[in-house]
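Values below: all heavy atoms of this structure, side chains included; hydrogens, waters and symmetry mates excluded. It should be emphasised that the depicted structure is a prediction, and the values quoted were computed from it without experimental measurement.
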Amino acid sequence: MATLSSKPGLKHSVTDWDATNKLLSDIAEYRRKASHDICQEGRALRNETANKASWLESDSNRRLSDRIHDISHWKELLEFCVQEVDREMDALTLSKEAAERALASLTLPLEVTVDCLTMREGRRGSELVSDLVEVELKKEVRVIDEAQHALQQQIDQSFEELCLSVTFLFRHSLLQEARHQLTLDLQNKMEALDADMSCLSLTVTSSEISLKPQPTRIPHGSSTPQQWVQFSHHNVTRAQQEMQASQQLRENISTTRVQVQNELEAQRTVLQFALRKRTHNLEQAKDELQWQLKTTKDQIMDMEEDIRGLEDDLQAKMSPLKLSHTRLENRTKRPGMDLCWDEVQSGLVSEAKQLEGIIQSLHEKLSQAQHSLQDLRHHEACMLEDLSRKQDTLSLETRTQEIRQRLFTASQKQSYPIAAVPLTNYSKRLNGKVA
């Protein structure tokens, strides 16, 4: 009995049971009514959205047709402008080629100057000096570099006016960039025209349609219709301005070529004078050094003869010293009171000391003479080495002059023909089209 009454909380009353059943019935009735209302609203919404979708599709088709018309108009205008730019590019070709020939003619002067600088780097030791010739050679390199830079700048401008490569578009206000912008704009409009025409051809039954992720997003770099028109109008206007600028570029090319030629001729004259002067100074220094060498060799011969005399005198003084030492040693053997410091002993001691002093003086003088002879020989070797360097340097200077003769030979054959190119006014033609 204790076990059956141990869980009274697990049982519900009849009242609770009835209430639970009623709650389930009420909720079921409420859900059915809500579902019926939703079905009615859904039928109405379907009818409304079908009509709206049909109208929206029709309105989008009309807008696409208008947009296609606008794009086609600008496409024709851009095509005409590209043709005008191509005509100006043809006119600029002759000037560009003339500048390229002028630039190519600077290759030999630069090679010769660099060869001269490199050759003169072969000078050794103290001859490797930064003299006036080196200064003028480096100046000539700078003049040639500046000339190349000026011509290359003109060629780059012409090249960017003419070239079709988009890798040169980092420069501004040039015909090539304007043409590139025109062709890019034209290409974009052709792609946009293809895209809009493709969109216009699509219908709700087309097999190509599908759901896309985030179709209503605003793509990066989107523009307004006003910006779209201004962009193309700016490209056309800029092309007109650059075609006028290319005419000025042709005149600048001709001026630069004449200026470059005059500057190079003046620098060659200055450098040639400096080279002749340096060669003359080297020859004078070499002659002076050769005279110094001859005098030094004569002094070495005299010094060697004096050293031999000192050595002979030194050898001759050894016998008297030996005699004095022997006498003094023998007199130490005297016995008893006879071993006295007499006048003979004093004289022998004085004689020995004086002989030792004489020999010491001869040794010192011989050492000085030998040291002086060593210094003379060392300096003679230095002068011989320096003479060798000067002779090598003089040979290099001579070869430098010979190399530079190539410039004077080439300058006699050099000529810069002036290309005649027609000038065209593009303002009226383009303005008429834009209008």
Side-chain angles (χ1 to χ4, degrees), residues 119-134 277-400:
M119 183 181 299
R120 296 184 89 249
E121 287 297 319
R123 295 173 295 171
R124 298 178 290 123
S126 59
E127 294 303 314
L128 187 59
V129 297
S130 181
D131 52 12
L132 183 60
V133 175
E134 182 174 346
K277 183 178 179 180
R278 181 58 180 170
T279 302
H280 175 70
N281 293 339
L282 276 171
E283 290 175 346
Q284 285 185 324
K286 185 194 71 170
D287 294 341
E288 172 66 18
L289 189 60
Q290 287 176 335
W291 182 84
Q292 292 291 347
L293 268 171
K294 179 180 180 304
T295 306
T296 301
K297 289 181 179 179
D298 293 341
Q299 183 62 32
I300 288 174
M301 294 176 61
D302 294 342
M303 204 67 181
E304 289 174 344
E305 184 176 353
D306 289 342
I307 288 174
R308 286 192 294 269
L310 287 172
E311 290 175 345
D312 293 341
D313 288 348
L314 183 61
Q315 187 64 32
K317 298 300 184 292
M318 294 303 297
S319 296
L321 181 61
K322 292 178 181 179
L323 176 61
S324 179
H325 282 191
T326 302
R327 287 175 175 175
L328 285 171
E329 182 63 25
N330 290 339
R331 295 190 87 242
T332 59
K333 299 177 181 179
R334 292 174 295 168
M337 292 301 294
D338 287 311
L339 186 60
C340 68
W341 191 272
D342 53 12
E343 184 178 355
V344 175
Q345 188 72 17
S346 299
L348 288 173
V349 170
S350 176
E351 180 186 9
K353 290 181 178 181
Q354 290 183 35
L355 287 172
E356 289 174 354
I358 291 172
I359 292 173
Q360 179 64 29
S361 298
L362 290 173
H363 269 298
E364 292 176 356
K365 186 56 65 177
L366 178 62
S367 177
Q368 293 176 1
Q370 290 174 339
H371 186 269
S372 177
L373 178 61
Q374 184 179 2
D375 291 342
L376 285 172
R377 287 173 175 171
H378 176 72
H379 190 62
E380 180 191 25
C382 292
M383 287 191 293
L384 285 172
E385 178 63 24
D386 190 58
L387 179 61
S388 175
R389 290 194 294 263
K390 280 182 169 53
Q391 290 173 338
D392 291 343
T393 302
L394 190 58
S395 175
L396 290 176
E397 300 295 358
T398 302
R399 292 169 60 189
T400 300

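- The closest donor-acceptor contact from the side chain of Thr295 to the backbone of Trp291 lies under 3.5 Å.
- Open room surrounds CD on Gln315; 12 or fewer heavy atoms of other groups in view lie less than 6.0 Å from it.
- Here the side chain of Ser319 pairs no donor or acceptor atom with the backbone of Ala316 at under 3.5 angstrom.
- In Glu343, the CD atom is not crowded: 12 or fewer heavy atoms of neighbouring residues, nucleotides or ligands sit closer than 6.0 Å.
- Distance CD1/Ile358 to CG/Leu314: 11.0 Å, rounded to 0.5 Å.
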In sequence, state the C-alpha distance, the side-chain angles, and the governing distance for His379 and Asp375, and then conclude on side-chain hydrogen bond (donor to acceptor under 3.5 Å, both in side chains).
CA-CA 6 Å; His379 190 62; Asp375 291 342; over 6 Å; no
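- Here the CD atom belonging to Glu385 is positioned 11.0 Å from the NZ atom belonging to Lys390, to the nearest 0.5 angstrom.
- Taking 4.5 Å as the limit, some side-chain heavy atom of Lys286 sits within range of a side-chain heavy atom of Gln290.
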Check against salt bridge (charged side-chain N to carboxylate O under 4.0 Å, His left out), Asp342 and Arg334:
CA-CA 12 Å; Asp342 53 12; Arg334 292 174 295 168; 3.4 Å; yes
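- With rounding to the nearest 0.5 Å, the separation of CG in Asp298 from CG in Leu376 is 11.5 Å.
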Would Asp392 and Arg389 satisfy salt bridge (charged side-chain N to carboxylate O under 4.0 Å, His left out), going step by step from the backbone distance to the final call?
CA-CA 5 Å; Asp392 291 343; Arg389 290 194 294 263; over 6 Å; no
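- By the 6.0 Å contact criterion, CZ on Arg399 is open, its count of non-hydrogen atoms from other residues, nucleotides or ligands being 12 or less.
- Checking side-chain atoms of Thr296 against main-chain N and O of Gln292 turns up a donor-acceptor pair under 3.5 Å.
- In this structure, Leu289 and Met383 approach most closely via the heavy-atom pair CD2-O, 3.5 Å.
- Here the CG-CD1 distance, from Asp302 to Ile307, works out to 11.0 Å after rounding to the nearest 0.5 Å.
- Remark: the backbone N or O of Glu127 is not paired with any side-chain donor or acceptor of Thr393 at under 3.5 angstrom.
- Here the side chain of Ser350 pairs no donor or acceptor atom with the backbone of Ser346 at under 3.5 angstrom.
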Do His280 and Gln284 pass the side-chain contact (heavy atoms from CB on, under 4.5 Å) test, and can you show the C-alpha distance, the side-chain angles, and the key distance before you say yes or no?
CA-CA 6 Å; His280 175 70; Gln284 285 185 324; 3.3 Å; yes
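- Considering only heavy atoms from C-beta on, Gln299 stays 4.5 Å or farther from Glu304 through its side chain.
- The distance from atom CG of Leu387 to atom CG of Asp287, rounded to the nearest 0.5 Å, is 9.5 Å.
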Under the side-chain hydrogen bond (donor to acceptor under 3.5 Å, both in side chains) criterion, do Glu356 and His325 qualify, and how do the steps go?
CA-CA 11 Å; Glu356 289 174 354; His325 282 191; 3.2 Å; yes
Just do the side-chain contact (heavy atoms from CB on, under 4.5 Å) check on Cys340 and Gln345 with the steps written out, would you?
CA-CA 8 Å; Cys340 68; Gln345 188 72 17; over 6 Å; no
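- Using a 4.5 Å heavy-atom threshold, the side chains of Arg278 and Val129 count as touching.
- Taking all atoms of both residues into account, the shortest heavy-atom contact from Arg120 to Arg123 is O-NE, 2.7 Å.
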As a quick check of understanding, evaluate side-chain contact (heavy atoms from CB on, under 4.5 Å) for Lys322 and Lys317, giving each step before the final call.
CA-CA 9 Å; Lys322 292 178 181 179; Lys317 298 300 184 292; over 6 Å; no
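- Gln370 and Gln374 form no side-chain donor-acceptor contact under 3.5 Å, judged by distance and modelled atom types alone.
- Closest of all the heavy-atom pairs between Arg124 and Ser388 is NH2-OG, 3.1 Å.
- A distance-only check finds a donor-acceptor pair linking the side chain of Ser361 to the backbone of Gly357 [under 3.5 Å].
- The heavy-atom pair separating Ser324 from Leu355 by the smallest distance is CB-CD1, 4.3 Å.
- Taken to the nearest 0.5 Å, the CG atom of Asn281 stands 10.0 Å off from the CG atom of Leu132.
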Test side-chain contact (heavy atoms from CB on, under 4.5 Å) on Met301 and Asp306; report intermediate values, then the result.
CA-CA 9 Å; Met301 294 176 61; Asp306 289 342; over 6 Å; no
Between Glu364 and Gln360, does a side-chain hydrogen bond (donor to acceptor under 3.5 Å, both in side chains) hold up when you go through it step by step?
CA-CA 6 Å; Glu364 292 176 356; Gln360 179 64 29; 3.3 Å; yes
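- A 6.0 Å sphere centred on CZ of Arg331 holds more than 12 heavy atoms belonging to other residues, nucleotides or ligands.
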